[in-house]
Asks: 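There's a structure below that I have some questions on.
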There are 2 protein chains.
Amino acid sequence: MAEGVNIKRLAQELNISIATVSKALNDSYEISLKTKNRVWTLAKELNYTPNPAASNLRSHKTKTIAVVIPCVANNFFSLSIKGIEEIARQYGYHVLIYQTHENIKMEIEFTNSLLSGRVDGILTSVSSSEHNSEYYKTLVKKVPLVFFDRVYEDLEAVKITTDDYDIAFEATEHLIKCGCKRIAYLYGLENLPAGKARFNAYQDALKAHNIALDDELVIRYHEDEDVNFESVKQLLKAVKPDALFSSIEEFIIPSYLACKELNLNVPSAVKILSFSNMDTAKILNPSLTTITQPAFEIGREAAKCLFKILNKKELEERSIVLKSILIKRESTNI
Amino acid sequence: MAEGVNIKRLAQELNISIATVSKALNDSYEISLKTKNRVWTLAKELNYTPNPAASNLRSHKTKTIAVVIPCVANNFFSLSIKGIEEIARQYGYHVLIYQTHENIKMEIEFTNSLLSGRVDGILTSVSSSEHNSEYYKTLVKKVPLVFFDRVYEDLEAVKITTDDYDIAFEATEHLIKCGCKRIAYLYGLENLPAGKARFNAYQDALKAHNIALDDELVIRYHEDEDVNFESVKQLLKAVKPDALFSSIEEFIIPSYLACKELNLNVPSAVKILSFSNMDTAKILNPSLTTITQPAFEIGREAAKCLFKILNKKELEERSIVLKSILIKRESTNI
DNA sequence: CTGTTAGCGCGTTCAA
DNA sequence: TTGAACGCGCTAACAG
């Protein structure tokens, strides 16, 4: 029934011009309420839906935004998408998803493919593999773009991030107050501001409490999860830390499994603290303390900013920083 | 640089007609290799990308598919999307995401909004809130549509599902062999074939082992997680089961928390077994046995089927059933 | 308030 | 082998 119903057809049936129908459907002030009503009722009757391609071609508006992220199968990003989608619906927008898998080439390829007018704007959380701000420097001039969570420091752009430094500092202090002296750091997102801020906060907190830094206590994320497992195991055996501060949730599983294999009780022998948006972290109580980023809110804020830009509204801030939450666990409580 | 580059521009620069450029770009047999090469090189030079709206308007092909699911912030669905995206990329397709939040009205609204030619095809996992096969009965005739995981039984359509009955039977038997006699069932997806199959398998397995069914051992999923927590707690207190078979992963957290609150050791006092795609389930070893659905593969298969349909290729099967895996845990091993 | 006209960028006749 | 012309469905100027 909806097949082949276009404004031309509506115009014919109502004996008015195509332009009038178009204006009526867009609720233009030029059209009388009476005519509008006639058009609207017939449109509903015939189940008319505008052809998006035609309207886009003419108006240069796609009613579509793109989300370019490393991966959807990740608690943080899937929650962000949920937030983005919610806002997009409010504005009647559609949401395209692109996963880069931390591959900078795909990131560029996808983003370029969006430049031909497929979307009105883009939300991006950059890949951690390489630094690529030159590319984005020219890109932000071509298309409305909002960065969220994973951003580049040296880039003039609209950014939604979290208080990585502050919360990591607080978390480190928490471990110290729990009596930990040899806190290992599982370093992720090295190439990004978020990763660096977390690591700096860890170091600064140790210094502030007169605890010597020790390079041996730091291990770096590897994309092969077996390697991470081995690294953590090696660390636990060789350096004997009393806590593991995991800066990304990908380190949680190898941490637990390594402790288990070495018969190290969590949290009495080794405490584990991690950035994480896993719901299941609740079950790991009392052994896991988590830093939870407001992923859903980040998605919402990022989308809101983008729509402000699209609607040419003034942004109060070009950079918004949301607060994370440190969820302490029973036995690690002070 | 890519701004305003269209076939008209290419035609002008090369002193040939627009039509020739169009044909050359589409590698038409009518055009000489020499001309094609001239066009292709210039196109690359000027960074030409075709306008998707225009080409869609003309050709009725959008190079876009939609995924309509209850929620992305869910281990199963986010993995499915990952699989879908991977296949879509291979075909040069774009992926739109719509979350219904188990709301049948949104499901219909979204799906209808896609009928005006915004996408070439749809992948759907239906909402569990209500039965709605009448709607889909007419829909499948209008647009290429593949159902995955959550489907309607009484619907002639292409479906990708998993072996819910078999695996739930195997899981129940596993619990029985571990010595459990009073296995509680946490019932989710009641309105869907998957949910019913799991429950039937549970009952049939008990019968096969001459264990009496007991309605008191069954509780049903409620969307308010506090209610679920209370239900499980109540169940544990009043009926004293020796195992909880959770048919959806949403029951895992309330199950653990309830056991904890009642000081019931898992798995020695109560065993927990659940459908789940959580990576972190690994940590819960030895207390949790999981049934893991091949979410990623389901996404891939569903997408593959859809593209076969779009390319008018013959489908070998209109219904594909993939195998789930029962991951047994140490202490519950036989 | 309503209608006429002219494209948006592309693909597909059909004629040369 | 190429090109001129038309139209997909809609919106935006401009007339009336």
Side-chain angles (χ1 to χ4, degrees), chain A residues 1-40 42-43 46-64 92 113-120, chain B residues 1-40 42-43 46-64 92 113-120:
Chain A
M1 208 221 272
E3 297 309 297
V5 184
N6 49 24
I7 50 174
K8 195 167 157 192
R9 166 94 180 273
L10 296 181
Q12 283 171 347
E13 304 238 344
L14 292 170
N15 271 320
I16 53 179
S17 83
I18 293 176
T20 307
V21 175
S22 172
K23 287 177 193 165
L25 289 170
N26 292 314
D27 203 9
S28 158
Y29 66 96
E30 300 179 78
I31 305 295
S32 72
L33 189 59
K34 198 183 148 195
T35 312
K36 281 183 189 170
N37 277 327
R38 289 184 62 212
V39 173
W40 291 339
L42 183 67
L46 296 181
N47 206 352
Y48 166 80
T49 43
N51 180 315
S55 131
N56 164 14
L57 181 58
R58 195 54 242 243
S59 67
H60 298 291
K61 279 172 196 162
T62 60
K63 284 272 175 188
T64 304
S113 83
L114 298 171
L115 258 39
S116 47
R118 188 174 286 274
V119 298
D120 295 346
Chain B
M1 208 220 273
E3 298 310 297
V5 183
N6 50 24
I7 49 174
K8 197 169 159 189
R9 166 94 181 277
L10 296 181
Q12 283 171 347
E13 304 240 345
L14 293 170
N15 272 318
I16 54 178
S17 83
I18 293 176
T20 307
V21 175
S22 172
K23 286 176 193 167
L25 290 170
N26 291 314
D27 203 8
S28 158
Y29 66 95
E30 302 178 73
I31 305 297
S32 70
L33 189 59
K34 200 182 146 192
T35 313
K36 281 182 189 170
N37 278 327
R38 288 183 63 210
V39 172
W40 290 340
L42 184 67
L46 295 181
N47 207 351
Y48 165 81
T49 43
N51 180 313
S55 106
N56 165 13
L57 181 58
R58 206 39 251 247
S59 66
H60 298 293
K61 279 172 195 160
T62 61
K63 283 270 172 189
T64 304
S113 82
L114 297 171
L115 258 41
S116 46
R118 186 173 286 277
V119 298
D120 295 346

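Only this structure's heavy atoms are used, side chains among them; waters, hydrogens and symmetry mates stay out. A, B, ... follow the sequence lines: proteins, then strands. Residue 1 opens every chain.
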Asks: Side-chain donor-acceptor pairs under 3.5 Å in residues 16-23 of chain B, sequence neighbours left out?
Replies:
residue: B/Ser17; atom: OG; partner: B/Ala19; partner atom: N; Å: 3.4
residue: B/Ser17; atom: OG; partner: B/Thr20; partner atom: N; Å: 3.2
residue: B/Ser17; atom: OG; partner: B/Thr20; partner atom: OG1; Å: 2.9

Asks: Could you tell me, to 10°, how much the axis swings from one end of the helix from C/dC1-D/dG16 to C/dA16-D/dT1 to the other, five pairs per end?
Replies: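 Computed from the C1' atoms at both ends, the axes differ by 40°.
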Asks: Taking only residues two or more places apart in sequence or in another chain, which ones pass side-chain hydrogen bond (donor to acceptor under 3.5 Å, both in side chains) with A/Asn15?
Replies: none
Asks: Tell me what A/Asn26 touches on the nucleic acid: a base, only sugar-phosphate, or nothing, going by heavy atoms under 4.0 Å.
Replies: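 The answer is sugar-phosphate, as A/Asn26 gets under 4.0 Å only of primed atoms, P, OP1 or OP2.
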Asks: If you walk 5' to 3' along DNA chain D, what is the first nucleotide with an atom under 4.0 Å of a heavy atom in chain A, and what is the last?
Replies: D/dG9 to D/dC14
Asks: Could you please spell out the steps behind the side-chain contact (heavy atoms from CB on, under 4.5 Å) verdict for B/Leu10 and B/Glu13?
Replies: CA-CA 5 Å; B/Leu10 296 181; B/Glu13 304 240 345; 6.0 Å; no
Asks: Is the closest side-chain heavy-atom distance between B/Pro50 and A/Ser116 below 4.5 Å?
Replies: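 Sidechains of A/Ser116 and B/Pro50: no contact.
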Asks: Determine which pairs satisfy salt bridge (charged side-chain N to carboxylate O under 4.0 Å, His left out) with at least one residue from residues 48-64 of chain B, sequence neighbours left out, and list them in order.
Replies: none
Asks: So which atom in A/Leu25 and which in A/Trp40 form the shortest heavy-atom distance, rounded to 0.1 Å?
Replies: CA-NE1, 4.0 Å
Asks: Please identify each residue that fulfils side-chain hydrogen bond (donor to acceptor under 3.5 Å, both in side chains) with A/Asp120, with sequence neighbours left out.
Replies: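 Checked A/Asp120 against side-chain hydrogen bond (donor to acceptor under 3.5 Å, both in side chains); matches are A/Thr62, A/Tyr93.
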Asks: Between residues 12-25 of chain B and DNA chain C, which residues have a heavy-atom gap below 4.0 Å?
Replies: B/Ala19, B/Ser22, B/Lys23
Asks: side-chain contact (heavy atoms from CB on, under 4.5 Å) for A/Asn51 and B/Leu57? Distances and angles first, verdict last.
Replies: CA-CA 8 Å; A/Asn51 180 315; B/Leu57 181 58; 4.2 Å; yes
Asks: Check every nucleotide of DNA chain C for an atom under 4.0 Å from a heavy-atom of chain A, then give the first and the last such nucleotide from 5' to 3'.
Replies: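 That gives a stretch of C/dC1 to C/dG9.
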Asks: What's the shortest heavy-atom distance between B/Ala53 and A/Asn56, and which atoms?
Replies: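 Minimum heavy-atom contact is CB-ND2, 3.1 Å.
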Asks: Check side-chain hydrogen bond (donor to acceptor under 3.5 Å, both in side chains) between B/Gln12 and all other residues, then give those that pass, not counting sequence neighbours.
Replies: none
Asks: Which heavy atom of A/Ile7 sits nearest to which heavy atom of A/Tyr48, and what is that distance?
Replies: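 It is CG2-OH, 3.5 Å.
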Asks: Dump the intermediate steps for side-chain contact (heavy atoms from CB on, under 4.5 Å) on B/Leu14 and B/Val39, then the final yes or no.
Replies: CA-CA 8 Å; B/Leu14 293 170; B/Val39 172; 3.9 Å; yes
Asks: List for me each residue that meets side-chain hydrogen bond (donor to acceptor under 3.5 Å, both in side chains) alongside A/Thr64, sequence neighbours excluded, and say none if there are none.
Replies: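 A/Thr64 satisfies side-chain hydrogen bond (donor to acceptor under 3.5 Å, both in side chains) with B/Arg118 only.
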Asks: Name the residue closer to the 5' end of DNA chain C, choosing between B/Asn51 and B/Glu30 according to the nucleotide with the nearest heavy atom.
Replies: B/Asn51
